[in-house]
K.L.:
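Following this message is one structure expressed as C-alpha cells.
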Amino acid sequence: MKTHFIKLLHYVPMGLLVLLFLSCERDLEDLKPAEFASNPEIFIDGFSAGLNYAAFGASVPTAFDLDKAVSYNNTAASMRFEVPDAGDPRGAYAGGSFFTEVPCDLSPYNALTFWAKATQAADIDVVGFGNDLGESKFQVTILGLAVNTNWKKYIIPIPDPSKLTAERGMFFYSEGPEDEKGYTFWIDELKFENLGTIAHKQFSILNGEENVETAFVGVTKSISGLSASVNLPDGVNQKVFAASAYFTFQSSDPSIATVDAAGQVAVVGGPGTAAITAKVGSEEAQGSLTLESMGNFEQAPVPDKAPEDVISLFSDTYSNVPVNYYNGYWAPYQTTLSADFEVNGDHILHYTDFNFVGVEFSSPTVDATAMTHLYMDIYLPNALPSNAQFKIELVNQGAAASAVYSKTITTDQAQQWISIDIPFADFNGLTGTDKLFQIIFVNENGAMSSFYADNIFFYDDGTPPPPLTEPDVPAPTPTVAAVNVTSVYSDAYTAIAGTDFYPNWGQATQVTEVEIQGNKMLKYAGLNYQGIQLAGGQNVSAMTHLHLDFWTANSTALNVFIISTGPVETGIALSVPTTGWVSIDIPLSQFAPVNLNDVIQFKFDGNGDIYLDNIYFRK
C-alpha cells in the first residue's frame, strides 16, 4: 500500500527551502531573463535561465539533483528525484516546485511534456504545473502518474492556453514511499509544446454530475470536482485537475444564487431555483449544481447547556472533540450521501438518499461516564407518514467487542426542528459509556429521504446517577511482587492449585464467576455463608497479612474467616455496604489461634450480594 503524504498542493508549508540554480550546466549569472518571454524549455540537458527550485515543507530538501549518468536518449543530464523510505529523518516525502522569477508567456503551447522512468513501477502522487508558491491561480495536476523502468513520454494538457500569458509555475511534484520503501525516478526533456496530436477537450465541474440540492438563503458552497480531459496520441483520455481560474461560472438566476470567479456559490434569495454551470473558453463544462432555495433558513435552537457539562461532536455553540467523520459511507449497503452546508456561519449536516449513516469519533474514543444524555436537533424537510421511525444507535467499545444500543423515535413532525433529548438510561441494554465511538442514524422503515442535523452532543443534566447494583470497573490491580505472595484468587498471580471455590456445604449462596473489562471476580449472590476449600493444608506462617478486595451495594453484614485443621476458625468483620471497591490488608495475627502452618479453608458469611477479588496472603 502506498503511503500518501500530500493530496493537494495549493501552497507551500512553512519551512520551505529555496535553491537557486547557480551551478547548473548553463552559467545563469550573465543571463537576463526576458520579460514575459515565450521560452517553452524548462530542462533540456540543463535548466533554462531564471529558474528556481523550492522544496516543500517536511520534504527531503535534497531529494532533487542533476544526474549526468542517467538520461533519456543518452543526453547530457536528467533530473533525478530520490523518494525517501518511510520514517526517514530528513523528511517524509520528496516534493517541490520549479518556478521563474519573471512570468513567462505560455499561451502559444497546449501541453507540458517530459520523459520519465523509475527504478521500479510506481504511481507518483502529484505532478503538474502552475504552482508558483503564491496564488497558484492556474494550477493543473495529475494524480497517481504511473511510471516504470522504461523511458516514456508524458503529456499534461493545458486546459486553456490563453490564460497562461504570465505564468511562473513551471513544474511541481510530490511523492511518498511505495509500500513504505523509497525509490528513484528521473525526468528529462521537460518543456511546453504545441502538439497537434491532442484533441477532443472536455471539461467538467462536480466530476461531471448533475447535482440537485435543497438550499436556503445564506448557504454558501464551493464548486469542486474541476477537471479537463484530452485525447492523447495513444488514444488514452488524459484527465487533469484544473484550478477554478480556467473556468467561467454562471448562474441561471442571480436573484436566487450567485457564483464568483473562484466558483464560490451564495444563495441570496428564494423560494426559487438557480442552476450553476461553467465554461472553459467557449466550451460548456459537463456537470451542474441546481439549487432549490426554500428561502430563509430556520436555525436550530441554540443550546443552553453550560460548556463544562457538554461533550460536543457537532455544534457551533461548543468546542467539538475530534471526529473521524460525519459520514463514513459504509459501502456497499449505505446509500446516504452528504450535502453539508453553512448558513450565516452556522454549519449544518445534510444527509440525502438516507437509509443509514454513521458518525465516528474513535481517535480517541469519548469517555461520557460523567454525562447523562445524548442531545441532537434534526430537521425533516419532507412530508412524512405518521409511522416514520428515526432510529439512533449508540456504540460503546468494550474490552472484547463493540456492542450496539438503540433508541427508536417515531415522529410525524416534518418541516420543523425536532430536539431529541435521550437519557442514556433509555438506550436498551446500555451498560457503559466509557468508550463511546459511534452514533448511527437509521431510516427504520424507509419513510425519510433526507434530514438536517445540528448540535450533536452528550451532556450532564446534574441529576445524581442511580446507585450501582454491581461493579462498573474491576478491582484495583495488585502491585505486590509475586515472590511475596501466596495467591488464592487473582488474575494478577498464579493461584494455589486444586482450590475448590464451590464446596457443597449446604449453603444457599449462589456462586458465579463474572468478568468486567477482562478481569474475573467471584460473585456471591444471596449470601448466607460460602466456603473456599484449599488443596491440603497451606503453610502461610511466613506471610504477614491477608489481602482481599470486596464490593457490595446491599450487604449489611459480612465476615471473613481463616480456618485451620481442627477445625479452628477466627472471623473478622468487614465494613459494608461499600461505596466502590474496598481493598483491605488484615494482619494475620488477628486470626489467632488459627494455625498458620496448616490453613485449609476460607469462609464468608453475612447477607446481600458480594463481589470478591484478589484474595491472597502477602508479606
Side-chain angles (χ1 to χ4, degrees), residues 211-221 267 270-271 289-303 312-318 320 323-331 333-361 373-395 404-422 426-427 438-458:
N211 293 345
V212 179
E213 296 180 10
T214 300
F216 300 88
V217 174
V219 168
T220 58
K221 299 187 72 69
V267 179
L289 172 62
T290 299
L291 294 169
E292 298 177 344
S293 173
M294 307 298 291
N296 292 322
F297 184 72
E298 179 186 353
Q299 306 291 131
V302 178
S312 179
L313 302 177
F314 182 84
S315 178
D316 290 306
T317 302
Y318 307 108
N320 299 316
V323 173
N324 302 59
Y325 49 75
Y326 295 102
N327 184 350
Y329 199 79
W330 296 328
Y333 304 107
Q334 179 181 329
T335 62
T336 309
L337 301 175
S338 291
D340 306 338
F341 57 88
E342 179 182 345
V343 181
N344 300 323
D346 184 21
H347 295 84
I348 307 294
L349 297 175
H350 183 196
Y351 297 111
T352 63
D353 300 316
F354 173 46
N355 66 337
F356 67 90
V357 65
V359 177
E360 181 164 310
F361 37 97
H373 289 66
L374 166 65
Y375 179 95
M376 64 180 297
D377 293 308
I378 65 169
Y379 187 103
L380 307 170
N382 302 315
L384 298 173
S386 60
N387 65 341
Q389 291 184 316
F390 186 83
K391 182 178 181 181
I392 301 174
E393 299 178 348
L394 191 57
V395 188
V404 177
Y405 311 95
S406 64
K407 171 69 176 178
T408 300
I409 298 172
T410 302
T411 179
D412 58 358
Q413 298 171 288
Q415 298 173 335
Q416 59 182 299
W417 283 103
I418 305 169
S419 294
I420 298 176
D421 198 349
I422 311 174
D426 283 4
F427 283 92
Q438 282 180 348
I439 298 176
I440 302 172
F441 307 120
V442 181
N443 188 357
E444 185 72 350
N445 56 0
M448 307 173 190
S449 61
S450 68
F451 74 98
Y452 309 132
D454 198 1
N455 302 319
I456 306 173
F457 57 84
F458 306 111

K.L.:
Provide the closest heavy-atom pair for Gly358 versus Trp330 in the form atom of the first, atom of the second, distance.
P.N.:
CA-CH2, 3.5 Å
K.L.:
Looking at CG of Asp346 and CG of Asn455, how far apart are the two atoms once the value is rounded to the nearest 0.5 Å?
P.N.:
7.0 Å
K.L.:
Which atom pair, heavy atoms only, marks the closest approach of Gln413 to Leu380?
P.N.:
O-CD1, 4.5 Å
K.L.:
Just to verify, what does Asn324 make a side-chain hydrogen bond (donor to acceptor under 3.5 Å, both in side chains) with, not counting sequence neighbours?
P.N.:
Ser362, Ser363
K.L.:
Could you work out, with side-chain hydrogen bond (donor to acceptor under 3.5 Å, both in side chains) as the rule, every residue matching Ser419, not counting sequence neighbours?
P.N.:
Tyr375, Asp377
K.L.:
When you compare the side chains of Asn355 and Thr336, does any donor N or O come within less than 3.5 Å of an acceptor on the partner?
P.N.:
yes
K.L.:
I'd like to know if Glu342 pairs up with Lys221 as an ion pair, taking the criterion as any Lys NZ or Arg NE/NH1/NH2 lying under 4.0 Å from an Asp or Glu carboxylate oxygen.
P.N.:
no
K.L.:
Measuring from atom CZ of Phe314 to atom OH of Tyr326, what distance do you get when rounded to the nearest 0.5 angstrom?
P.N.:
6.0 Å
K.L.:
Is the gap between the ring centers of Phe441 and Phe356 under 6.0 Å?
P.N.:
no
K.L.:
Is it the case that the side chains of His350 and Asp340 hold a donor-acceptor pair, with the cut-off being a distance below 3.5 Å and no angle test?
P.N.:
no
K.L.:
Compute whether any side-chain donor of one residue and acceptor of the other, for Tyr329 and Gln334, lie under 3.5 angstrom apart.
P.N.:
no
K.L.:
Hey, can you tell me if Phe216 and Phe341 have their rings parallel, tilted or perpendicular (30° and 60° cut-offs)?
P.N.:
tilted
K.L.:
For a side chain to side chain contact (heavy atoms under 4.5 Å, CB included) with Phe390, tell me which candidate from Asn445, Thr410, Ile420 qualifies.
P.N.:
Ile420
K.L.:
Test of understanding: with side chain to side chain contact (heavy atoms under 4.5 Å, CB included), list the residues that count as partners of Asn320, not counting sequence neighbours.
P.N.:
Ser312, Ser315
